[in-house]
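Values below: all heavy atoms of this structure, side chains included; hydrogens, waters and symmetry mates excluded. Model, not experiment: these values are computed from the prediction.
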Amino acid sequence: MSVHSEKIIILDFGSQTTQLIARRIREQKVYSEIHPYDIELDRLQEMNPSGIVMSGGPASVYDDDAPISDPGLFELGIPVLGICYGAQLMMQQLGGRVEKTDHREFGKAELQISYTGGIFAGTETEPAKYQVWMSHGDRVEQAAPGFVATASSTHSPFAALRHENKPFVAVQFHPEVVHTLIGNDILRNFIFDLCDCHPEWTMHSFIDSTVAEIREKVGDEKVICALSGGVDSSVTAALVHRAIGDQLTCIYVNNGLMRTGESESVLRFFRQKTNLHVIDIDATKDFLEELKAIVDPEEKRKRIGFGFIKIFEEEAGKLGEVKYLAQGTLYPDVIESVVFHGKAPIKSHHNVGGLPERMQLDLIEPLRELFKDEVRELGLELGLPEEAIYRQPFPGPGLGIRIMGEVTAERLHILRQADVIVLEEMKNSGWYRKVWQSFAVLLPIQTVGVMGDGRTYENVVAIRSVDSRDAMTADWSKLPYDILGRISNRIINEVRGVNRVVYDISSKPPSTIEWE
Ligand code: XMP
């Protein structure tokens, strides 16, 4: 059950920008949620939305398997905004006509507004033309009864429409993308004027409502949380702790594959600045033992994952009866994304794979409504230090998958020193927060070099730095040469056992971000 009193529901028809609509609305401090287009009317009504947005999508309303929402949603007395495909479907369902056009519009277009009220409040008709972003093949040829055009573009006589006495509006273009320069104004007008929402959804109010929700759900049961040092688990722990205090126990497993100082600062913070109970297990030896002579990446991952679960289970077992596991699942992991052809897959995400089932734990996922940037904002509001909040992602198997070949204490020592240098230089130059991830990788080969008058035969370190939005795709960062030069110089001079540094210039796909 959702505790947000005012919310906008977005029906997803498969557009790549559906998530953006939710973000833009949330930026206005109004809560918004994405649901599949074919959600049942009863459920929609139960959620009591202040407004509904029908998203865009790749289909044509004339396709045999076009995604169609229940037209009964227009009978609920709730304001509706249709965007692109959503606009066309709205017109078709309410009695208008949509047709394929020879003049497909993709990209920037100029909008001539003819009605400056409603979603266009604050705009002008003459002589203004507003830049908007179009992406459609079909177009509205005839407005549904009761609707009138409120804007046009060169190829769309009905680039925007409104109903004359019902709160229904439709736009052929995408207000959620930055190229639609008045996009935010349009969304604001929709949510504040047509839907009568108030800008009250802040991280502060989120904390209040979530804390109350967690308290009610947990009662006096015990909760455990695997603290990894990453942003999501740190924020989860801080939030759950605020709700139930000592009923929460966090378990931090040091698998010996962490970066220098990667998690110490978070542990220090939780121990010194909060009363959070953290069990800190140093399992370095066990993990290194398990990884002995293992070179296959999948086998490494399996052993590291299994080792983690084993220790976590043992420690949790000592706490007596535990009912809940708190974990930092984020919104992009739970959205039921609509795939146009075929059934919608539901992504399920487990930070601690398999544990809930094995230990019969129920989940508490207080971040499951939030995007990453909102989690960061929440963390700051909860008082977590910036260095923990803006930490780059770090994989669960840690440095184990950044050492090609066998993981040994000696090779870990070499990689840690190189890694610190990469981080220091990225931070000092202001690039650390500009990239998605930046790190060093230790290769399983040795090359010849010359130091002083002597020949060397030593290790190669690769530097990987990528730009990405969500880690699904990534490109190598175009770091300035002087930063790369400094990193290379420092590693070769300061890290004993390394005589060569190379920069990885592959994108994902076809490469991945991590090397293993
Ligand atoms: P790849 O290498 O698949 O990585 O392009 C995508 C993102 O996921 C991170 N990653 C992991 N994170 N457990 C994690 O929590 C893992 O086993 C794992 N493997 C990769 C990686 O750092 C990148 O951000």
J.: Check side-chain contact (heavy atoms from CB on, under 4.5 Å) between Lys427 and all other residues, then give those that pass, not counting sequence neighbours.
T.: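 For Lys427 the side-chain contact (heavy atoms from CB on, under 4.5 Å) partners, ignoring immediate neighbours, are Tyr432.
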J.: List in chain and number order the residues that pass salt bridge (Lys or Arg N to Asp or Glu O under 4.0 Å) with Glu313, two or more places apart in sequence or in another chain; answer none if no residue qualifies.
T.: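 With neighbours one apart ignored, the set is Arg358.
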J.: Only counting residues at least two apart or in another chain, list the ones meeting salt bridge (Lys or Arg N to Asp or Glu O under 4.0 Å) with Asp208.
T.: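 Here no residue qualifies.
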J.: Arg500: which residues meet the side-chain hydrogen bond (donor to acceptor under 3.5 Å, both in side chains) condition with it, sequence neighbours left out?
T.: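 Only Thr447 meet the side-chain hydrogen bond (donor to acceptor under 3.5 Å, both in side chains) criterion with Arg500.
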J.: What residues, two or more places apart in sequence or in another chain, satisfy ring-ring contact (aromatic ring centres under 6.0 Å, His included) together with Trp133?
T.: His179
J.: Would you tabulate the side-chain donor-acceptor contacts of residues 283-291 under 3.5 Å, counting partners in other chains and residues two or more places apart, or write 'none'?
T.:
unit_1 : atom_1 : unit_2 : atom_2 : d
Thr284 : OG1    : Asp282 : OD1    : 2.5

J.: Mark yes or no: Arg464 above the aromatic ring of Tyr503, with NZ or CZ under 6.0 Å from the six-membered ring centre and no more than 45 degrees from the axis.
T.: no
J.: Please tabulate, one pair per line, all N/O donor-acceptor pairs under 3.5 Å involving side-chain atoms of residues 401-411, not counting sequence neighbours.
T.:
unit_1 : atom_1 : unit_2 : atom_2 : d
Arg402 : NE     : Glu514 : OE1    : 2.8
Arg402 : NH2    : Glu514 : OE2    : 2.9
Glu406 : OE2    : Ala293 : N      : 2.9
Thr408 : OG1    : Arg411 : N      : 3.1
Arg411 : NH1    : Asn459 : OD1    : 3.3
Arg411 : NH2    : Leu443 : O      : 2.9

J.: Taking side-chain contact (heavy atoms from CB on, under 4.5 Å) as the test, write out the residues that go with Asn184, two or more places apart.
T.: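 Checked Asn184 against side-chain contact (heavy atoms from CB on, under 4.5 Å); matches are Arg24, Gln28, Arg188.
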J.: So, using side-chain contact (heavy atoms from CB on, under 4.5 Å) as the criterion, who are the partners of Asp362 when residues are at least two apart?
T.: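 By the side-chain contact (heavy atoms from CB on, under 4.5 Å) rule, Asp362 matches Lys323, Tyr324.
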J.: I need the single residue from Leu442, Ile492, Val495 that forms a side chain to side chain contact (heavy atoms under 4.5 Å, CB included) with Val461. Which is it?
T.: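 Exactly one pass, corresponding to Leu442.
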J.: Under the rule for salt bridge (Lys or Arg N to Asp or Glu O under 4.0 Å), what residues qualify as partners of Lys300, not counting sequence neighbours?
T.: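 Salt bridge (Lys or Arg N to Asp or Glu O under 4.0 Å) list for Lys300, sorted by chain: Glu516.
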J.: Check ring-ring contact (aromatic ring centres under 6.0 Å, His included) between Tyr85 and all other residues, then give those that pass, not counting sequence neighbours.
T.: Phe13
J.: Of all residues at least two apart in sequence or in a different chain, which pass the side-chain contact (heavy atoms from CB on, under 4.5 Å) check with Asp196?
T.: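 Expected list: none.
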